[in-house]
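Quick note: numbers below take in every heavy atom, side chains included, and nothing from hydrogens, waters or symmetry partners. The first residue in the sequence is number 1, and the count goes up from there.
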Amino acid sequence: MGIDSGHAPTTEDVLPDNRFLDREESWLRFNERVLQLAQDQTQPLLERVRFLSIFASNLDEFFMVRVAGLIRRMATGLAVQSASGRQPWESLESTTQLAHKLMLEHAACYRDQISPELGKQGIDVLRWDDLGDDEQKSLRRLFRERIYPVLTPLAVDSAHPFPYISGLSLNLAVIVADPGTGERLFARVKVPPVLPRFIESAPGRFTPLEDVIAAQLSELFTGMEVLECHAFRVTRNEDLEVDEDITEDLLQALERELLRRRFGPVVRLEVEDTISPEVLDLLTAGLDIEEREVYRVPGPLDLAAMNAIADHDRPELKYPPFVTSKTALPRDADMLSALEERDVLVHHPYDSFTTSVQRLIEVAANDPQVLAIKQTLYRTSGDSPIVDALIGAAEAGKQVVVVVELKARFDEHANISWARKLEHAGCHVVYGFVGLKTHCKLALVVRQENGRLRRYCHIGTGNYHPKTARIYEDFGLLTADPEVAEDVTDLFNHLTGHSRQIPYRQLLVAPHTLRSGLVLRIEREAEHHLAGRPAHIRFKCNSLVDEVIIDALYRASRVGVPIDIWVRGICALRPGVPGLSETIRVRSILGRFLEHSRVFVFDCGGDAEVWLGSADLMHRNLDRRVEALVRVKDRRHRDHLIELLDRAMDEGTASWWLDGDGGWTRRSVDGEKPLLDIQHHLMGTRR
């Protein structure tokens with residue numbers, strides 16, 4: 001896919017067909033980097049446990065969405081060859097093979113590294129047979145009192161069809177025999193999700209819940225002989241499918257679809273590698289799945305639940321405490337007056353979210369001169385002080401408009417709940433556009449001051465979520481700049497009404513001007529470079545997939561523009577390929593905080609343009625979402641962002657380096673000397 005440049009393509013314009021890396025494999029390589037952090041003995045032990053959990057949770061979502069989507073498109077005949085040149089069946093085969101390999105590495109990391117090292121620290125995760133007699137006795141008593149009453153064994157025979165197995169539930173497949181007849185029977189027992197995943201038999205000694213249940217199966221199948229018991233877990237397609245073109249009430253349609261979601265087709269069956277062929281055949285037949293959808297791994301299954309072990313109260317086995325800085329906006333300063341004087345750039349979690357972004361909304365809610373507050377909400381916490389502030393503002397008579405994105409993946413239930421709560425309080429709740437997700441992060445405060453209206457804005461890269469703001473790395477721009485305020489006002493009118501404001505003054509907005517605006521600036525950098533003026537492109541994003549953007553970067557590289565890409569996850573661009581991308585470097589940084597911000601820098605002949613906002617460089621962001629980037633005007637802020645991106649790309653900074661074949665190489669030490677941990681460095685600057 002090329003760029004329409006208005007002229008017939010020349011030999012120099014033609015780009016090779018194999019110029020894109022496979023998107024699905026690139027995502028799995030990202031999760032492999034997460035696994036490498038779990039394997040890294042320089043990380044605190046319980047943080048390694050958390051990375052182990054994150055890997056498993058990430059892979060669950062990958063199967064529920066990406067693998068499920070590919071299978072669905074193949075089944076409906078809608079799948080086409082990917083940009084990387086792979087046919088759908090080739091992509092599915094290579095993806096599942098790599099996923100299986102990583103799952104085995106993940107299980108081995110737990111068994112050979114994490115579990116023994118936890119034991120050395122007095123935290124034991126033990127299978128039933130490894131427990132002492134007193135511990136087993138204690139757990140038997142617990143089973144009778146708290147576990148047995150909520151268990152429901154389901155037999156499978158001519159009178160009982162194979163039961164429905166819900167997605168991500170942990171189950172036991174049981175074979176029992178009738179002592180009188182010798183007949184072998186199959187039953188399923190669901191491990192109750194309402195109970196803790198790991199049961200503490202003694203201080204610091206935990207046992208998987210399924211082991212406790214498996215050891216007491218004779219109490220569930222009284223008079224029968226228990227012959228076999230094997231844990232298994234099913235992953236289903238859980239992506240939402242709502243036809244908005246024929247749906248009048250999106251809220252009700254989503255509520256119905258959420259009920260259907262748990263009945264999606266199976267895309268993965270995880271079993272312990274000790275499972276017998278007989279039981280596996282029963283499961284595959286009952287679930288109507290093929291061999292390629294079966295993943296055999298050493299137990300225990302569902303290591304995403306290890307997050308509960310990572311929460312263990314052992315601070316010496318975790319990252320040192322970090323207190324966010326509150327100096328971006330001093331607490332004793334009048335916040336709105338401060339924004340009249342200068343823009344404020346905040347960098348979370350290094351700068352406090354509570355005393356900056358959250359404070360803006362709370363101050364506005366309590367200010368009698370504030371007439372209106374408008375805000376987008378994509379994801380927020382269950383006890384959000386921002387939602388509470390908006391409700392308080394509405395109850396105080398202010399006009400409050402909230403654009404709630406109901407289709408924020410896997411947060412739909414929470415968003416429906418808060419949407420209804422906001423509506424009941426008198427807020428004007430809008431659910432965005434048909435066919436588009438509202439992903440931009442915007443807040444607008446309108447205040448009456450000395451007979452005129454003044455507007456204050458926040459444009460950010462992350463969600464209005466106080467809890468994730470402590471672990472997600474994000475930027476936010478707080479400003480009273482009249483041009484930015486005018487743009488944000490126009491964009492809210494676009495979101496809530498029928499305005500079609502294009503172009504904006506200080507914003508790039510998807511799906512209208514964002515891709516074309518970035519491509520235009522990439523092409524201008526090529527012109528600057530050819531004219532001998534300073535030219536350099538620096539991007540920081542979560543994912544780089546969009547072929548139009550990548551092709552523009554390739555063409556700029558071909559004329560010699562230096563290009564630096566700092567990406568957290570997926571990257572379909574091949575860097576360092578002779579004749580194509582020799583001037584492009586791609587780095588990735590993972591660590592204590594989740595790198596989440598999006599920043600785009602263009603040298604522009606010596607007067608740098610810097611943009612930040614919500615958009616990743618993916619089709620969904622540029623074509624099917626409302627996204628916004630804001631231009632950063634303050635030179636100090638621009639210099640700070642450029643310095644940060646340059647430091648991340650520096651060879652002295654710990655990072656992963658991408659090569660032209662899609663492989664990532666970790667560089668964390670120089671000889672025996674550790675390279676700079678940029679997150680630790682930023683924490684130090686805030687102290």
Original post:
Does N542 offer a backbone N or O that forms a donor-acceptor pair with the side chain of R568 under 3.5 Å?
Top reply: no
Original post:
Out of H348, H458, H347, which residue meets the ring pair (Phe, Tyr, Trp, His ring centres under 6.0 Å) rule with F353?
Top reply: H348
Original post:
Do you know which two heavy atoms are closest between I537 and I522, and how far apart they sit?
Top reply: CD1-CG2, 3.9 Å
**OP:** Identify the heavy atoms of A305 and R197 that sit nearest to each other, and give their distance.
**Re:** CB-CG, 3.1 Å
Original post:
How many angstroms lie between atom CE of M306 and atom CG of L46, to the nearest 0.5 angstrom?
Top reply: 9.0 Å
Original post:
Is a side-chain N or O of S352 found less than 3.5 angstrom from the main chain of S325, in a donor-acceptor match?
Top reply: no
Original post:
Do V509 and L514 come within less than 4.5 Å of each other through their side chains, counting heavy atoms only?
Top reply: no
Original post:
Do the non-hydrogen side-chain atoms of V125 and F198 ever get within less than 4.5 Å of each other?
Top reply: yes
**OP:** Decide yes or no for V601 and H536: does some side-chain heavy atom of the first lie under 4.5 Å from some side-chain heavy atom of the second?
**Re:** no
Subject >> D124 (side chain) donor-acceptor with R205 (main chain) under 3.5 angstrom >> reply: no
Subject >> Intermediate values then yes/no, side-chain hydrogen bond (donor to acceptor under 3.5 Å, both in side chains), T583 and S557 >> reply: CA-CA 5 Å; T583 65; S557 178; 2.8 Å; yes
Original post:
How long is the span from the CG atom in L59 to the CE atom in M64, to the nearest 0.5 Å?
Top reply: 10.0 Å
**OP:** Identify the heavy atoms of A608 and R638 that sit nearest to each other, and give their distance.
**Re:** O-NH1, 2.7 Å
Original post:
Do S597 and K540 pass the side-chain hydrogen bond (donor to acceptor under 3.5 Å, both in side chains) test, and can you show the C-alpha distance, the side-chain angles, and the key distance before you say yes or no?
Top reply: CA-CA 7 Å; S597 64; K540 182 181 189 298; 2.9 Å; yes
Original post:
Can you check side-chain contact (heavy atoms from CB on, under 4.5 Å) on Q358 and Y464, steps first, answer last?
Top reply: CA-CA 8 Å; Q358 180 179 317; Y464 293 102; over 6 Å; no
Subject >> Cation-pi geometry met for R587 and W657 (6.0 Å, 45°) >> reply: yes
**OP:** Among L360, D351, L478, T479, find the residue that satisfies the side-chain contact (heavy atoms from CB on, under 4.5 Å) test when tested with V344.
**Re:** L478
Original post:
Where is the tightest heavy-atom contact between F51 and G591, given as atom of each residue plus distance?
Top reply: CZ-O, 3.5 Å
Original post:
When you look at E595 and L590, which way does the side-chain contact (heavy atoms from CB on, under 4.5 Å) test go after all the steps?
Top reply: CA-CA 7 Å; E595 295 291 331; L590 281 74; over 6 Å; no
**OP:** To the nearest 0.5 Å, tell me how far F30 CZ sits from L35 CG.
**Re:** 11.5 Å
Subject >> pair L644-I678: side-chain heavy atoms closer than 4.5 Å >> reply: yes
Original post:
Side chain of D677, backbone of H680: donor and acceptor closer than 3.5 Å?
Top reply: yes
Original post:
Just by distance, do the side chain of S581 and the backbone of I584 share a donor-acceptor pair under 3.5 Å?
Top reply: no
Original post:
Roughly how far apart are R515 CZ and L617 CG, rounded to 0.5 Å?
Top reply: 9.5 Å
**OP:** Would you sort out whether S655 and T653 count as a side-chain hydrogen bond (donor to acceptor under 3.5 Å, both in side chains), showing the intermediate values?
**Re:** CA-CA 6 Å; S655 62; T653 296; over 6 Å; no
**OP:** To the nearest 0.5 Å, tell me how far K318 NZ sits from D311 CG.
**Re:** 6.0 Å
Original post:
Where do K441 and N463 land on the side-chain contact (heavy atoms from CB on, under 4.5 Å) test, with the steps shown first?
Top reply: CA-CA 6 Å; K441 323 299 182 185; N463 300 307; 2.7 Å; yes
Subject >> Basic-acidic side-chain contact under 4.0 Å: D367, R447 >> reply: yes
**OP:** Just do the side-chain hydrogen bond (donor to acceptor under 3.5 Å, both in side chains) check on R48 and Q113 with the steps written out, would you?
**Re:** CA-CA 10 Å; R48 294 173 63 192; Q113 298 181 40; 3.0 Å; yes
Original post:
Heavy atoms, side chains only, cut-off 4.5 Å: are Q375 and V403 in contact?
Top reply: no
Original post:
Atom CG of D650 and atom CZ of R647: how far apart are they, to the nearest 0.5 Å?
Top reply: 8.0 Å
Subject >> Residue pair E32 / W664, side-chain donor-acceptor N/O under 3.5 Å >> reply: no
Original post:
Do V404 and Y378 have side-chain heavy atoms sitting under 4.5 Å apart?
Top reply: no
**OP:** State, to 0.1 Å, how close L495 and C440 come at their nearest heavy-atom pair, and which atoms those are.
**Re:** CD1-SG, 4.4 Å
Original post:
Does Q121 offer a backbone N or O that forms a donor-acceptor pair with the side chain of R314 under 3.5 Å?
Top reply: yes
**OP:** Could you go through the side-chain contact (heavy atoms from CB on, under 4.5 Å) check for D661 and L21 one step at a time?
**Re:** CA-CA 8 Å; D661 294 324; L21 296 170; 5.9 Å; no
Subject >> Residue R635 excluded, over 12 heavy atoms near CZ under 6.0 Å >> reply: no
Original post:
Which residue pairs pass the ring pair (Phe, Tyr, Trp, His ring centres under 6.0 Å) test with at least one member in residues 582-616, sequence neighbours excluded?
Top reply: Y350-F593, Y472-H596, F539-F600, F539-F602
Original post:
If you look at every heavy atom in P534 and H528, which pair is closest and at what distance?
Top reply: O-CB, 3.9 Å
Original post:
Where the side chain of S26 meets the backbone of I570, is there a donor-acceptor pair that is under 3.5 Å apart?
Top reply: no
Subject >> side-chain contact (heavy atoms from CB on, under 4.5 Å) partner of V632, the single match among E609, Q506, H637 >> reply: H637
Original post:
Does a side-chain heavy-atom distance below 4.5 Å link L658 with S588?
Top reply: no
**OP:** Taking the side chain as every heavy atom from C-beta outward, state whether V567 and V586 have any pair of such atoms under 4.5 Å apart.
**Re:** yes
